[in-house]
Undergrad: 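Structure provided below as structure tokens; questions to follow.
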Protein chains: 2
Amino acid sequence: MGYNEESFIKILKSKGLKVTNQRKTVLKALSSKPDQHLTAEEIYELVRVDIPEIGIATIYRTIQLLCELGLIDKLNLDDGYVRYEIGKEDKNEHHHHHLICVNCGKVLKFDDDLLDELEKQVGKTTGFIVHDHELKMYGYCRDCQNNRK
Amino acid sequence: MGYNEESFIKILKSKGLKVTNQRKTVLKALSSKPDQHLTAEEIYELVRVDIPEIGIATIYRTIQLLCELGLIDKLNLDDGYVRYEIGKEDKNEHHHHHLICVNCGKVLKFDDDLLDELEKQVGKTTGFIVHDHELKMYGYCRDCQNNRK
DNA sequence: TTATTTGCAAACCGTTTGCACCATA
DNA sequence: TATGGTGCAAACGGTTTGCAAATAA
């Protein structure tokens with residue numbers, strides 16, 4: 001886990017892209033919050049601590065680049081914001097999915113390996129070659145259940 | 001399946017809401033395309049055939065109402081549009097999920113009952129009371145695989 | 001030096017809102 | 001008639017884009 005600057009520089013150079021302080025700082029910001037699901041605005045605030053003059057447009061452009069490079073994942077929690085999180089470095093790791101409290105909005109991650117089997121099954125019956133999946137579960141977290149009593 | 005005007009009228013009246021031609025026509029439009037995932041703009045175009053003077057604001061307000069009534073489902077296919085589809089009338093029916101071709105954008109539905117078990121399991125370990133889930137799988141459809149050869 | 005990247009501000013576009021008019025009950 | 005719903009246009013807010021200045025290679 002964590003931010004590996006050397007390998008990031010290597011990736012950028014191999015694609016003919018320039019290594020800028022902005023790009024390094026955005027990736028570092030996302031790496032520093034591995035358990036959160038940050039909006040562009042939240043990333044902007046984090047990066048501004050180090051680079052006060054950065055513009056929100058650069059945040060959006062960098063986010064898009066990092067997604068294309070597969071270094072971060074896009075995430076939609078249906079609250080009107082697109083969110084991002086640092087990708088797992090080991091691509092063979094279990095997928096993690098999201099448990100969303102419909103009352104307070106809290107989001108928990110959970111791991112899963114059950115769906116890999118389902119992927120194969122669905123691929124067979126539909127002819128799709130499935131290479132990724134995303135699962136969200138909605139409900140009430142423990143706290144919200146207690147507060148209702 | 002299909003559009004049941006009588007029961008819709010009953011639901012509206014029971015909530016003290018008025019039965020308008022706009023509301024009936026929006027629900028009818030969504031019912032007429034049970035296998036599609038319509039954007040607000042697409043619903044607008046469909047409804048304008050019957051009610052040319054309708055405004056897009058009414059579409060948005062009606063869609064939101066229908067969601068709250070549980071008659072239609074919101075859907076996010078990560079293409080920048082929020083989409084809607086008519087809900088299954090039998091609430092005990094299997095969930096259906098979505099298989100999205102990352103090349104052509106085609107969307108197939110598939111049924112599932114495997115996840116009901118997973119819901120219970122996750123609920124036990126996290127303390128969440130899970131009452132819904134949404135699963136998306138991403139891959140290449142048969143056509144796009146053939147076209148690549 | 002030169003091709004990319006950045007910051008700024010304006011544009012974009014899907015969605016929401018305020019308000020006067022209209023329709024349902 | 002009275003309450004809610006509708007159509008219109010303007011506002012909103014997250015995201016994208018055009019462009020000149022700045023920077024990495």
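Small disclaimer: the values here were computed from a predicted structure and weren't measured. Here is how names work: the chains are called A, B, and so on, in the same order as the sequence lines, proteins then strands, and each is numbered from 1.
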Undergrad: Between A/Thr20 and C/dT5, is there a side-chain N or O to OP1/OP2 distance below 4.0 Å?
TA: no
Undergrad: Could you state the atom-to-atom distance from CD1 of B/Ile63 to C1' of D/dT6 in whole Å?
TA: 15 Å
Undergrad: Look at the side chain of B/Arg23 and the backbone N and O of B/Lys18, then say whether any donor-acceptor pair between them is shorter than 3.5 Å.
TA: yes
Undergrad: Quick one: is D/dG7 close enough that its OP1 or OP2 comes under 4.0 Å of any side-chain N or O from B/Gln22?
TA: yes
Undergrad: State which of C/dT4, D/dG7, D/dT15 makes the closest approach to the side chain of B/Ile51.
TA: D/dG7
Undergrad: Would you mind classifying the nucleic acid contact of B/Arg61 as base, sugar-phosphate or nothing, using non-hydrogen atoms under 4.0 angstrom?
TA: base
Undergrad: Taking NZ from A/Lys13 and C1' from D/dA24, how many angstroms apart are they, rounded to a whole number?
TA: 10 Å
Undergrad: Rounded off to whole Å, could you give me the CG-to-P distance for the A/Leu12 and C/dA3 pair?
TA: 20 Å
Undergrad: Starting from the C-alpha separation in whole Å, work towards a yes-or-no answer on side chain to side chain donor-acceptor pair (under 3.5 Å) for B/Glu42 and B/His37.
TA: CA-CA 9 Å; B/Glu42 287 165 348; B/His37 319 88; over 6 Å; no
Undergrad: What I want to find out is whether B/Asp143 reaches B/Lys106 closely enough, with some N-O distance under 4.0 Å, to be called a salt bridge.
TA: yes
Undergrad: Whole angstroms only, please: what is the NZ-P distance between A/Lys15 and D/dA24?
TA: 22 Å
Undergrad: Output the rounded distance in Å from CD (B/Glu42) to C1' (C/dG14).
TA: 13 Å
Undergrad: For the side chain of B/Lys18, starting at C-beta, report the closest nucleotide among D/dT15, C/dG7, C/dT24.
TA: C/dT24
Undergrad: Where does the angle between the aromatic ring planes of B/Tyr140 and A/His131 fall among parallel (under 30°), tilted (30 to 60°) and perpendicular (over 60°)?
TA: tilted
Undergrad: Nearest to the side chain of A/Ala57 - C/dG14, D/dT17, D/dG7?
TA: D/dT17
Undergrad: Rounded to whole angstroms, how far apart are CD on B/Glu53 and P on C/dC21?
TA: 18 Å
Undergrad: Go nucleotide by nucleotide along DNA chain C from the 5' end; which of A/Leu17 and B/Val82 gets its closest nucleotide reached first?
TA: A/Leu17
Undergrad: So does B/Tyr81 get a side-chain nitrogen or oxygen closer than 4.0 Å to the phosphate oxygens (OP1/OP2) of C/dG14?
TA: yes
Undergrad: Return yes if a side-chain donor-acceptor contact under 3.5 Å exists between A/Glu134 and A/His97, otherwise no.
TA: no
Undergrad: Give the rounded distance in Å between these two atoms: CD1 of A/Ile54 and P of D/dA22.
TA: 17 Å
Undergrad: Does A/Glu41 reach a base, just sugar-phosphate, or nothing at all? Heavy atoms under 4.0 Å.
TA: nothing
Undergrad: Mind checking if B/Ile56 touches a base, just sugar-phosphate, or nothing, with heavy atoms under 4.0 Å?
TA: nothing
